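All remarks here apply to the structure that follows.
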Number of protein chains: 2
Amino acid sequence: MSRRAPEGYRPEDHPAFAVTVDLVALTVRDDELHALLVTRAEDPFRGRLALPGGFVRADEDLADAAARELAEETGVRRVPGHLEQLGTYGAPRRDPRMRVVSVAYLALAPELPDPVAGSDAREAAWVPVATALSSRLAFDHARILADGLERARAKLEYTALATAFCPPTFTVSRLRRVYEAVWGVGLDPRNFHRKVTGTAGLLEDTGEVVVDGPGRPATVYRAGSATELNPPLTRDRLS
Amino acid sequence: MSRRAPEGYRPEDHPAFAVTVDLVALTVRDDELHALLVTRAEDPFRGRLALPGGFVRADEDLADAAARELAEETGVRRVPGHLEQLGTYGAPRRDPRMRVVSVAYLALAPELPDPVAGSDAREAAWVPVATALSSRLAFDHARILADGLERARAKLEYTALATAFCPPTFTVSRLRRVYEAVWGVGLDPRNFHRKVTGTAGLLEDTGEVVVDGPGRPATVYRAGSATELNPPLTRDRLS
DNA sequence: ATAATAGTGTCTTTTAGACAATATCAC
DNA sequence: GTGATATTGTCTAAAAGACACTATTAT
């Protein structure tokens, strides 16, 4: 095995790769989980839905590239919410034209305005995840999307990440609807309320209340400092 | 912003990167968690400890490259245990010589023989993690190692991965010592026993018992089909 | 016998989940 | 008023953790 030069970095030891970032950007609209997808304008997979993404620039950090793409595709200069690395996909022929390694990022954002076509966010749109999953996405993006969904669903169990789907202030029922949309289940409003208000550091009372339709006015909270949920909020024993 | 060619793949749109895999390979020896480290023979960081790794070949999948490196560095043709992607590290100047994106993998293995110097596994050695963490590792490998350790510790809570540190058959106390070594805590042998034997699918009784020193002979198990631990085995409320 | 490890039983506390009951709004 | 949502309280069952106790070995 002559694979390894003694750290000499001879060109033949490091074939050139293109590196891209792809985004699994999720939001909750109308109590339904949506993913940001673009329609490809060029071959391969012309006309097919795909995850937004693009090449990493020569002097750009990976997370910066992901944040830049997210801003470009949503049309929002600085997207609020949460951004984390999801995984890297580098099968030799995942892109038919060249060797491309894609670093996928998971973004969780509160409801954003629809991307405006014609701006830099060209063909991007928020698509219900049920629709996205049943579309035949380009490349290996179906797998990436599925991995991102599972990551998001799992992390809601043991972290405070659900607040990343909410605006700066929100009610308990808003937060509950996030959980219900992401997990696709119904949760008992009473037990949910007791759980989240009883978790130290998760919610900060703003002192305000808000009325929205019939029913008792709801207390308005902002996200607290807690990042972990301990004990977690489990989804396993559900239906 | 002219960053995006319309999917034309013009060379100027995709700067060339080198792609490597780095390994956080962990094992338990003498009831202590160890990581596999190599001593760098060349600049930069000559003489410094580093994670084992190397370039991904032009036609090689990322996970295959990680498995190949692991086999080469341990001197074991097919390393048993568990291998999963950990994360990708691609800060622009993490390698002073060129733009290198490294896909880190986490490997959990049962106790392996010491790598033999002179073979393809040149300078590799199993180092106690306490030592590894207090060494000044090359590149950003301290961060990668810390991330790998945290991943391993977290996953023992809610998966059956601890069995990846064990030989094909093992006793409950062996499994417990894995947990104790990885988490660096002491666990109550009685509660641990009840927990793991009471988790369906985690352990399969081989019907054998083994005596090892004084004390009642221990039942010998093999890993069962369960991959998740539900409910989990938590480490949070410990000291 | 003594020490050591394996394994079982029991008790207390915490928490999840079911669900009754109350509070406050729109209509 | 009725119906809807918010919030609190109560009960039961599951599980964690503490720890007494039994079983079986080496010495």
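We name chains A, B, ... by the order of the sequence lines, and we start the count at 1 in each one. Worth saying up front: this structure is predicted, and the values here are computed from it rather than measured.
Using a 4.0 Å cut-off on heavy atoms, the residues of residues 212-223 of chain A that approach DNA chain D are A:P214, A:G215, A:R216, A:P217, A:A218, A:T219, listed by number. Within residues 191-202 of chain B, the residues that place at least one heavy atom under 4.0 Å from DNA chain D are, in residue-number order, B:N191, B:R194, B:K195.
Using a distance-only test at 3.5 Å, with no hydrogens or angles considered, a donor-acceptor pair links the side chain of A:T206 to the main chain of A:V220.
Scanning both residues, A:T199 and A:L229, for their nearest heavy atoms gives CG2-CD1, 4.2 Å.
Put simply, A:R176 has a side-chain N or O that comes within less than 4.0 Å of OP1 or OP2 on D:dA6.
Contact of the A:Y221 side chain with the A:V172 side chain is registered, since non-hydrogen atoms from C-beta on lie closer than 4.5 Å. The shortest side-chain heavy-atom distance between B:T27 and B:W126 falls under the 4.5 Å cut-off.
A donor-acceptor pair shorter than 3.5 Å can be found between the side chains of A:H82 and A:E84.
For the side-chain hydrogen bond (donor to acceptor under 3.5 Å, both in side chains) test, residues two or more places apart in sequence or in another chain that qualify with A:E204 are A:R222.
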Passes salt bridge (charged side-chain N to carboxylate O under 4.0 Å, His left out), A:E180 versus A:R174? Steps please. CA-CA 10 Å; A:E180 292 175 331; A:R174 179 81 149 92; over 6 Å; no
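Here A:S173 lies in heavy-atom contact (under 4.0 Å) with sugar-phosphate atoms only.
Atom OG1 of A:T39 and atom CG of A:L49 lie 5.0 Å apart (nearest 0.5 Å).
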